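This report concerns only the one structure given below.
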Amino acid sequence: MDEFDIEINPNVEINDSSTSLPNKTIFKQLKINEKQEPILTKKELFAWYFYAFACEVYSVVSISSFIPLILEQFASENGVTSIDHLPCNTAKEEEVRCVVNIFGFWIDTASFSLYTFSLSVILQAITTISIGATADHGAMRKTLLLNFAFVGSISAMLFLLIPPGSFIIAGILTIIGNVCFGVAFVCFNGYLPVIVRNHRDVRRISNEIKNYIINKNNTDDQHDSQVEDYESILEERKLLNSQDPILIDLIENLLKTKDRISTHISARGFASGYFGGIILLTICLSISFLLHTSTYSLQIGVFLSGIWWSLFSLFVAKWLQPRPGPPLFFDEERKIRWIDYVTFSWKRLWKTILQVKKLEMTFRFLIAWILISDGCTAISSVALLFAKTTLNIDTSGLIILTLTAPISALISTLLFPRLIKLSVKKSTILLLFMLLFIPIYGCLGLILPIGGLKTSGELYFMALWFGFVLGSLQSYCRTMFAELVPRGRETEFFALYAITDKGSSWFGPSLIAIIIDITHEIRYGFLLLIVLIFLSIPIIWFVDEKKGKEDAGNSFTENEDTF
């Protein structure tokens with residue numbers, strides 16, 4: 001039976017009764033019960049996919065494709081040549097760069113979008129920290145997701161009203177949209193481990209383990225309590241280290257089932273997002289041809305991505321269940337202010353960082369993720385600027401270029417798990433080696449007379465290659481991290497995941513922007529990309545997934561009262 005056919009089979013009996021566990025205080029605090037943790041339904045899973053379908057359009061169409069071009073074009077309209085400070089024009093010689101004055105500093109117009117993006121991800125990291133832990137309490141995860149989604153979509157719609165050349169206004173709207181997109185996506189990712197552990201197949205095997213332990217220890221007379229996953233069942237370390245062959249087989253079956261379901265759900269989530277991006281990019285390509293590839297056609301594309309994001313989020317608001325966590329404070333008479341949410345999240349972040357030794361594998365993965373995401377972001381940010389300023393590809397060609405990557409990513413997310421039968425970690429390492437090929441090939445252009453990304457055909461092929469790698473790489477990394485997250489703290493840890501992703505990804509684009517300003521040659525930035533991607537490979541190799549899952553389970557049971 002397909003793991004995504006999650007309608008409850010009437011022939012499968014789900015026993016929701018269990019004995020109370022050794023540490024009853026934890027369950028009393030978390031108030032875990034059947035109403036709060038219902039079995040996943042098909043409609044709810046579709047709602048989760050729908051948000052990927054809604055928001056990834058903004059990422060694919062706006063952040064990765066159109067907005068960098070709009071920012072560069074608007075900056076160029078206000079820019080002057082770097083030599084004689086005359087107004088920039090399309091007829092200027094190739095070696096003369098266009099620069100713009102921002103707060104007394106002359107920067108390359110090609111660098112303006114990189115600096116804007118870098119500032120936005122720094123603010124995104126601060127905002128993410130401020131809501132991360134809070135989203136795991138009450139129904140805040142869904143509330144924050146929808147609020148930030150709608151604000152971000154409005155900022156995208158406002159691009160249609162920006163006057164030509166208003167690059168500062170465009171930069172501000174870019175920052176608002178990127179911050180909102182990142183924070184909402186953290187809440188979205190926080191649903192993944194919750195959805196997986198409440199999948200019918202996972203719950204069924206969890207109950208088999210629970211019932212086996214009950215029967216073996218003759219504890220049928222204890223109190224009933226709902227248990228969703230093996231971490232809560234096997235609270236005592238002696239059970240995790242049990243030599244009982246039947247129990248070992250059940251646990252291994254549960255782990256394999258969770259990996260399989262998590263991998264496929266994550267992959268289909270990314271696939272639905274790329275599918276939405278492809279549809280809108282195709283529409284925008286048609287609009288661009290009708291308007292003769294003007295900058296205004298790009299503004300229309302960003303506007304449509306905001307409309308798309310907002311409209312499809314309405315289905316999420318209706319169908320996605322809140323799946324609430326414990327209240328932020330148990331004193332119901334206490335009035336919670338916004339500052340309480342922010343303060344709580346920052347305190348929780350500090351406590352999480354102090355757990356680095358207890359969650360060694362989780363933090364080891366995050367270090368690798370910093371390098372991986374920074375490399376991917378830098379490739380994505382530089383590609384269009386390289387195509388526009390170095391290869392002089394026109395707007396229509398740039399839109400086609402941006403269309404090839406998500407199409408390839410869509411194919412990759414659906415086919416790669418079926419073609420490559422490796423573990424999640426080994427698949428991730430294979431994809432990193434494939435990603436490394438892109439900057440290596442780009443560097444060949446510095447020493448070889450032909451090849452090394454000197455023609456548009458080469459760049460289109462690399463866009464296909466990058467999309468194929470990126471789609472699966474993002475899916476596998478999210479799946480791998482989801483298994484290393486302590487239960488009940490999903491959004492908090494995915495906030496940390498986002499911080500190490502977007503919060504650190506200002507480094508690569510900023511460094512490449514500096515390299516462009518100094519050398520006036522984007523190609524030198526490929527050397528930095530080689531270092532970032534290559535360093536992540538040995539770190540991922542030494543991530544012990546089994547120990548990481550075990551540590552995450554122990555972190556839940558050892559988590560002290562924070563309320």
Side-chain angles (χ1 to χ4, degrees), residues 1-16 18 32 37-42 44-46 48-49 189-214 226-235 239-240 242 244-271 323 361 413-414 416-418 420-428 472 475-488 490 543-553 556:
M1 181 177 291
D2 187 355
E3 58 270 22
F4 297 99
D5 181 14
I6 44 73
E7 291 289 348
I8 301 176
N9 187 337
N11 297 322
V12 177
E13 181 179 355
I14 304 289
N15 184 359
D16 286 327
S18 73
I32 297 176
E37 292 283 76
I39 294 176
L40 181 69
T41 64
K42 182 176 291 187
E44 183 180 12
L45 184 58
F46 280 167
W48 192 78
Y49 290 151
N189 280 335
Y191 268 97
L192 178 60
V194 179
I195 285 174
V196 170
R197 74 165 177 257
N198 287 291
H199 190 281
R200 180 204 58 206
D201 292 344
V202 174
R203 287 276 288 273
R204 176 175 53 80
I205 301 173
S206 296
N207 281 310
E208 288 179 5
I209 297 175
K210 173 189 61 181
N211 292 331
Y212 177 79
I213 295 173
I214 291 173
Q226 165 109 1
V227 180
E228 283 76 18
D229 62 336
Y230 85 100
E231 291 92 347
S232 57
I233 298 167
L234 307 179
E235 280 193 4
L239 291 178
L240 285 169
S242 172
D244 187 331
I246 298 178
L247 184 59
I248 291 174
D249 288 342
L250 285 170
I251 294 173
E252 288 182 353
N253 186 25
L254 179 60
L255 292 174
K256 290 178 181 178
T257 302
K258 290 182 72 175
D259 282 345
R260 172 177 56 84
I261 292 173
S262 183
T263 298
H264 282 78
I265 289 179
S266 180
R268 292 193 177 191
F270 276 112
R323 294 197 175 272
M361 297 303 151
T413 53
L414 295 176
F416 194 87
R418 299 178 183 272
I420 305 299
K421 301 299 183 180
L422 297 174
S423 67
V424 173
K425 185 172 80 171
K426 290 181 179 179
S427 297
T428 302
S472 294
S475 177
Y476 277 107
C477 285
R478 182 167 68 178
T479 299
M480 190 172 178
F481 184 71
E483 290 300 309
L484 303 175
V485 172
R487 187 167 68 89
E490 293 84 6
V543 173
D544 187 334
E545 294 174 283
K546 183 177 180 181
K547 184 178 184 303
K549 294 173 184 178
E550 199 171 293
D551 291 343
F556 167 71

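Just so it is clear, the values below take in all heavy atoms, side chains as well, and ignore hydrogens, waters and symmetry mates. From a predicted model like this one, the values you see are computed outputs, not experimental measurements.
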I'd like to know whether Arg203 forms a side chain to side chain contact (heavy atoms under 4.5 Å, CB included) with Asn198, so could you lay out the CA-CA distance, the side-chain angles of the two residues, the decisive distance to 0.1 Å, and finally the verdict. CA-CA 6 Å; Arg203 287 276 288 273; Asn198 287 291; 2.8 Å; yes
Does any part of the side chain of Glu483, heavy atoms only, come nearer than 4.5 Å to the side chain of Val424, both counted from C-beta? no
If I take atom CZ from residue Arg197 and atom CD1 from residue Ile261, how far apart are they, to the nearest 0.5 angstrom? 14.0 Å
Step by step, would you call Asn189 with Phe481 a side chain to side chain contact (heavy atoms under 4.5 Å, CB included)? CA-CA 10 Å; Asn189 280 335; Phe481 184 71; over 6 Å; no
Steps toward side chain to side chain contact (heavy atoms under 4.5 Å, CB included) verdict (Glu545, Met361): CA-CA 7 Å; Glu545 294 174 283; Met361 297 303 151; over 6 Å; no
Test side chain to side chain contact (heavy atoms under 4.5 Å, CB included) applied to Arg268 and Leu45, step by step: CA-CA 11 Å; Arg268 292 193 177 191; Leu45 184 58; over 6 Å; no
Taking all non-hydrogen atoms of both residues, which atom of His264 and which atom of Tyr49 are closest, and how far apart? O-OH, 4.5 Å
Distance in Å, Ile39 CD1 paired with Arg200 CZ, rounded so as to fall on 0.5 Å steps: 9.0 Å
Output the distance between atom CD (Glu44) and atom CD1 (Ile195), rounded to the nearest 0.5 Å. 5.5 Å
Looking at every heavy atom in both Tyr476 and Thr263, which two are closest together, and how far apart are they? CE2-CG2, 4.1 Å
Taking all atoms of both residues into account, what is the closest heavy-atom pair of Thr413 and Ala267, and its distance? O-CB, 3.5 Å
Can you tell me how far apart CD1 (Ile265) and OH (Tyr191) are? Round to the nearest 0.5 Å. 14.5 Å
Could you tell me whether the side chain of Arg323 and the main chain of Pro38 form a donor-acceptor pair under 3.5 Å? yes
Donor-acceptor pair, Ser266 side chain versus Ser475 backbone, under 3.5 Å? yes
Heavy atoms only: give me the nearest Trp48-Gly269 pair and the separation to one decimal. CZ3-CA, 4.0 Å
How far does CG of Asn253 sit from CD1 of Ile205, to the nearest 0.5 angstrom? 4.0 Å
Counting N and O atoms only, with roles assigned by atom type, does the side chain of Ser206 sit under 3.5 Å from a partner on the main chain of Val202, one being a donor and the other an acceptor? yes
